[in-house]
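First the structure, in the form of structure tokens, and then the observations on it.
Start at 1 and go down the list; that is how both ligands and their atoms are numbered. From a predicted model like this one, the values you see are computed outputs, not experimental measurements.
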Amino acid sequence: MLELTPELKLNSDIPLYSQLYEYIKSSILKGELKAGERLPSIRYLAQYLKVSKNTVVTAYDQLLAEGYISSSDRSGIFVEKLQKEILDKTYAQSFPLIKVNKKSAVHDPNFDYRCGQIDVRNFSFSLWKKVLEQCISSDMSDLLTYGEHQGEIGLRAELAHYLFLSRGVKCSPEQIIIGAGTQQSLSMLCLALNDIGSYMAFEEPGYNGARQVFINNGFEVNPVPLEEDGININELKKSLSKIVYITPSHQFPCGMVMPVAKRLELLHWAASVNGYIIEDDYDGEFRYQGKPIPALQGLDTSGSVIYLGTFSKSLTPSIRISYMVLPERLLKIFKHRCGIYEQPVSRLEQKALQLFIDRGYWHRHIKKTRNIYKKKHDLLLDSITDIMGDAVEVIGKDAGLHILLRVKNDMNELQLIESAYRSGVSVSPTSQYWHNSNTISAPLIFLSFGGIELDNIRESIVRLKKCWLQ
Ligand SMILES: Cc1ncc(COP(=O)(O)O)c(C=O)c1O
């Protein structure tokens with residue numbers, strides 16, 4: 001068994017588990033810890049480092065979730081196999097300098113699990129009002145004129161800083177383009193991508209809102225099936241596509257996390273075909289086991305990743321602000337073709353958002369809502385286990401704002417949704433996420449737990465059991 005001797009700093013702002021996680025991760029990436037090597041047991045390492053068992057468990061959990069290690073109940077915890085030549089290249093790459101300037105027909109809204117809901121009760125109205133008011137003043141009269149094409153530089157600088165620290169994304173503010181929601185960002189992106197090829201590989205199932213944008217922009221979509229750990233790379237290689245759209249940190253809608261070995265393989269593929277990976281990190285802030293999973297973009301060394309994010313989950317969808325990070329080689333093409341387009345998002349709101357982030361309000365909001373969503377997530381899963389037991393299967397837990405349910409009865413998707421609705425519970429279908437819906441084996445129901453009140457979760461599951469299983 002290995003001895004690990006990280007230098008853990010007790011007085012640091014970085015939690016101990018995070019220091020331990022970083023130490024092991026970088027040892028694996030540098031090749032100091034080799035594939036197949038067995039890591040010390042949790043108890044042993046906790047005693048040896050004089051830290052709590054929780055510290056080691058949390059660090060190991062995060063490494064497991066990201067695919068750096070694997071565990072088996074009987075034989076222990078082992079370093080996973082990663083492609084050596086890609087690892088060397090990945091680790092050798094230095095970080096670029098970051099310049100930081102410093103209701104429809106819902107008859108019982110109490111039981112609303114429809115897609116896209118967030119917790120509106122805990123939105124910080126007073127803080128948002130404060131920053132907006134500050135922008136609507138004669139001191140800021142400059143904001144009444146046209147702004148920069150790529151979006152406010154102050155907001156982009158805040159984002160570059162946040163993305164590096166929280167999501168592991170390496171970029172300068174100049175690489176960021178602010179957009180009015182993911183679909184608008186993707187529509188612009190299509191203009192820059194259309195000579196890379198006319199095929200777009202796409203997760204099957206995947207986010208239909210993005211798929212339709214590609215179709216509308218003339219791409220032929222190649223649906224690529226998912227495996228347990230994300231898109232099937234062998235199938236991707238067989239397709240004619242040089243571009244792939246993926247959701248690696250929390251696959252939409254199935255919820256799996258793409259492990260690092262697969263991320264590296266995908267990057268290798270993109271570099272070998274001189275193509276692009278479009279990484280949609282739509283809800284990466286919300287992970288309830290360990291830390292959020294760092295973005296794939298941070299591992300890229302050949303300028304193959306286009307990174308997209310949105311404020312729709314982490315603040316509110318009504319703000320309609322998204323962002324896109326382009327690799328340098330694509331940025332040139334983008335500027336050439338799209339440089340003339342005016343920025344679609346209000347300057348006042350961009351500036352307000354910049355202040356909201358700069359003052360730490362957004363960070364506070366994410367921390368607060370992450371706790372709230374975790375409580376809802378945990379209670380929902382406990383209620384499902386207690387009340388429905390083995391009669392349903394839960395798919396895609398531990399992250400984001402939704403889970404999927406496979407209900408073990410004879411009802412089809414429409415029957416499941418209609419019977420739930422008659423019982424006062426609004427749930428959503430998932431068949432629209434398949435390009436070829438005839439390949440769906442059994443219906444899956446979408447439960448978005450962001451909006452429902454904590455106190456209503458148990459009752460809603462009791463109602464679902466009555467209408468689905470009795
Ligand atoms: C995969 C995915 N990407 C992005 C979004 C958000 O898009 P927007 O920024 O347009 O609100 C969603 C919303 O549900 C989504 O499921």
- Would the number of heavy atoms belonging to other residues, nucleotides or ligands and lying under 6.0 Å from NE2 of His149 be above 12? yes

- Ring centroid separation Tyr361 to Trp128 under 6.0 Å: no

List of N/O pairs, ligand 1 versus protein, all under 3.5 Å?
residue  : atom   : partner : partner atom : Å
ligand 1 : 3 (N)  : Asp280  : OD2          : 2.6
ligand 1 : 7 (O)  : Thr182  : OG1          : 3.2
ligand 1 : 9 (O)  : Thr182  : N            : 3.0
ligand 1 : 9 (O)  : Thr182  : OG1          : 2.7
ligand 1 : 9 (O)  : Thr310  : OG1          : 2.7
ligand 1 : 9 (O)  : Ser312  : OG           : 3.4
ligand 1 : 10 (O) : Thr182  : N            : 3.1
ligand 1 : 10 (O) : Arg320  : NH2          : 2.8
ligand 1 : 11 (O) : Ser312  : OG           : 2.5
ligand 1 : 11 (O) : Arg320  : NH1          : 3.0
ligand 1 : 14 (O) : Lys313  : NZ           : 3.2

- Task: Report yes or no: do Ser198 and Glu220 form a side-chain donor-acceptor pair below 3.5 Å?
- Result: no

- Task: Check whether the ring centres of Tyr433 and Phe252 lie less than 6.0 Å apart, and answer yes or no.
- Result: yes

- Query: Do Phe219 and Leu193 have side-chain heavy atoms sitting under 4.5 Å apart?
  - Reply: yes

- Message: Is the ring pair Trp362/Phe311 parallel, tilted or perpendicular, if the boundaries are 30 and 60 degrees?
- Response: tilted

